[in-house]
Amino acid sequence: MEEFIARTLAALRSRHIGGLFAADIPTANRKILELIPPDALVGFGDSTAARQLGVLADLEARGTKVLNAFVPKDAGIDGEEFRQWRERIVREATLCDCFLTGTNALTEDGRLVNVDARGNRVAGMFWGHPLAIVVVGKNKIVPTLEEAFARIRNVIAPTHFRIRSGELGGRKRKTPCVATGVCGDCRSPERGCNITTIIEGRPAGTDLHVIVVDQDLGLGWDPSWPGERIARIRAQYKKLVWLPV
Ligand code: SF4
């Protein structure tokens with residue numbers, strides 16, 4: 001295990017958060033399935049990293065029910081009915097046995113840093129569930145809190161909106177990031193960066209586990225990394241990011 005991952009896991013544990021290492025995707029999925037009781041009701045907070053693991057299918061295959069509102073519009077329901085169905089599932093997923101999601105950044109001193117539009121994804125990490133599991137690719141680990149904010153502001157948020165709305169044709173947003181790929185700290189009513197959270201310790205009432213996978217997952221990189229690695233992270237993200245309608 002690389003030293004920065006070991007340091008991060010130790011820091012999580014010092015904060016009474018379960019820090020688990022997975023050398024590969026099958027190991028990560030096995031650990032998630034071990035943590036979640038088979039008869040638990042699992043709320044999914046949307047996470048491209050979790051989709052890349054394929055763990056939702058593994059959970060459903062063994063009979064564990066997953067409340068997943070982040071499915072393609074053509075999943076059998078259309079239009080207004082689809083929106084109402086999605087709202088209901090998002091609400092139900094905020095209060096159930098377990099919450100499964102990803103994070104924007106994880107600092108080497110064990111802090112989970114996130115920005116969200118509505119707040120449902122971040123709130124589920126610390127409220128409403130006796131068990132919460134966050135899956136993290138090693139590319140999401142950053143040295144400091146300042147670098148977590150910089151990573152989210154300069155890389156993750158603008159790239160996310162640019163890919164979803166500008167490149168993949170998801171719901172349109174008239175925000176600077178969609179037009180240019182750069183954050184303008186906008187005041188748009190369509191701003192997606194409305195809520196910032198930092199989890200600094202085990203949330204009271206939630207058994208929080210963080211599974212660090214020894215590979216790149218989800219969206220996030222340091223601009224100094226080799227271009228091929230960045231291009232690979234971006235391309236993999238584009239394949240599985242959820243497109244709102
Ligand atoms: S603050 Fe506005 S411009 Fe910046 S990434 Fe968020 S939505 Fe885009």
Side-chain angles (χ1 to χ4, degrees), residues 12 17-20 22 28-29 31-33 35-37 40-60 64-72 75 82-83 85-106 111-137 139-140 148 152 156-157 160-161 163-164 170-171 192-200 202-213 217-220 237 240-245:
L12 283 165
I17 294 169
L20 298 169
N29 289 357
K31 286 178 188 284
I32 293 168
L33 265 64
L35 283 167
I36 300 174
L41 185 56
V42 178
F44 182 51
D46 194 26
S47 160
T48 303
R51 277 195 207 93
Q52 288 170 314
L53 294 182
V55 69
L56 300 184
D58 288 357
L59 284 163
E60 287 172 338
T64 300
K65 187 170 179 197
V66 179
L67 296 167
N68 178 13
F70 307 97
V71 294
F82 177 79
R83 267 184 286 277
W85 171 85
R86 197 177 74 200
E87 280 303 304
R88 179 172 62 75
I89 297 298
V90 167
R91 284 170 186 269
E92 289 180 5
T94 61
L95 283 175
C96 59
D97 302 319
C98 172
F99 195 71
L100 175 64
T101 192
T103 188
N104 292 138
L106 169 60
R111 290 184 270 191
L112 292 156
V113 186
N114 281 280
V115 169
D116 200 15
R118 296 183 70 175
N120 58 299
R121 177 178 64 88
V122 294
M125 295 182 197
F126 52 79
W127 189 85
H129 312 81
L131 172 66
I133 300 172
V134 177
V135 292
V136 188
N139 55 314
K140 297 291 188 88
I152 291 169
I156 297 173
H160 170 74
F161 293 121
I163 286 176
R164 280 206 327 194
R171 179 160 49 84
C193 311
N194 301 320
I195 296 148
T196 299
T197 59
I198 308 169
I199 297 179
E200 304 202 58
R202 180 187 183 279
T206 302
D207 191 14
L208 176 61
H209 295 262
V210 176
I211 298 180
V212 177
V213 188
L217 292 171
L219 191 65
Y237 187 77
L240 287 175
V241 65
W242 176 68
L243 291 186
V245 291

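What's counted below: heavy atoms across the whole structure, side chains too, no hydrogens, waters or symmetry copies.
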Query raised in the report: What's the verdict on side chain to side chain contact (heavy atoms under 4.5 Å, CB included) for V71 and I89, showing C-alpha distance, side-chain angles and the deciding distance?
Result: CA-CA 11 Å; V71 294; I89 297 298; over 6 Å; no

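- In this structure, A105 and A148 approach most closely via the heavy-atom pair CB-CB, 3.9 Å.
- Between L35 and L20 there is a side-chain heavy-atom pair separated by less than 4.5 Å.
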**Report entry** CA sep, side-chain torsions, deciding dist, call: I156, V115, side chain to side chain contact (heavy atoms under 4.5 Å, CB included)
**Finding:** CA-CA 10 Å; I156 297 173; V115 169; over 6 Å; no

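- Note: L112 CG to T197 OG1 = 8.0 Å, rounded to the nearest 0.5 Å.
- Of the possible polar contacts, none joining the D207 side chain to the L131 backbone as a donor-acceptor pair under 3.5 Å is found.
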Report task. Could you go through the side chain to side chain contact (heavy atoms under 4.5 Å, CB included) check for L59 and F44 one step at a time? Result -> CA-CA 11 Å; L59 284 163; F44 182 51; over 6 Å; no

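- Contact of the L95 side chain with the W127 side chain is registered, since non-hydrogen atoms from C-beta on lie closer than 4.5 Å.
- Remark: I152 CD1 to L219 CG distance equals 11.0 Å, nearest 0.5 Å.
- For the atom pair CZ (R118) and CG (D46), the distance works out to 11.5 Å, reported to the nearest 0.5 Å.
- N68 places none of its side-chain heavy atoms less than 4.5 Å from the side chain of W242.
- Considering all non-hydrogen atoms of both residues, F161 and C193 come closest at CE1-SG, 3.9 Å.
- Of all non-hydrogen atoms in G218 and N139, the two that sit nearest each other are O-ND2, 3.8 Å.
- Aromatic ring orientation, F99 versus H129: tilted (interplanar angle from 30° to 60°).
- Nearest heavy atoms, V136 versus K140: CG1-CB, 3.6 Å.
- Without hydrogens or angle criteria, N114 side chain to N104 main chain gives a donor-acceptor distance under 3.5 Å.
- Atom CD1 of I36 and atom CD1 of I133 lie 4.0 Å apart (nearest 0.5 Å).
- For the pair I211 and A22, the tightest heavy-atom approach, listed with the atom from each and the gap, is CG2-CB, 4.1 Å.
- Looking at P37 and D97, their side chains never come closer than 4.5 Å, going by heavy atoms from C-beta outward.
- Distance CG/N120 to CE/M125: 10.0 Å, rounded to 0.5 Å.
- Side-chain contact check for L12 versus L106: some heavy-atom pair is nearer than 4.5 Å.
- Counting only heavy atoms from C-beta outward, the side chains of I32 and D58 never approach each other to under 4.5 Å.
- Between atom OG1 of residue T103 and atom CG of residue L217 there is a gap of 12.5 Å, rounded to the nearest 0.5 Å.
- V135 and A49 make their closest contact through CG2-CB, 4.1 Å (heavy atoms, listed as atom of the first residue, atom of the second, distance).
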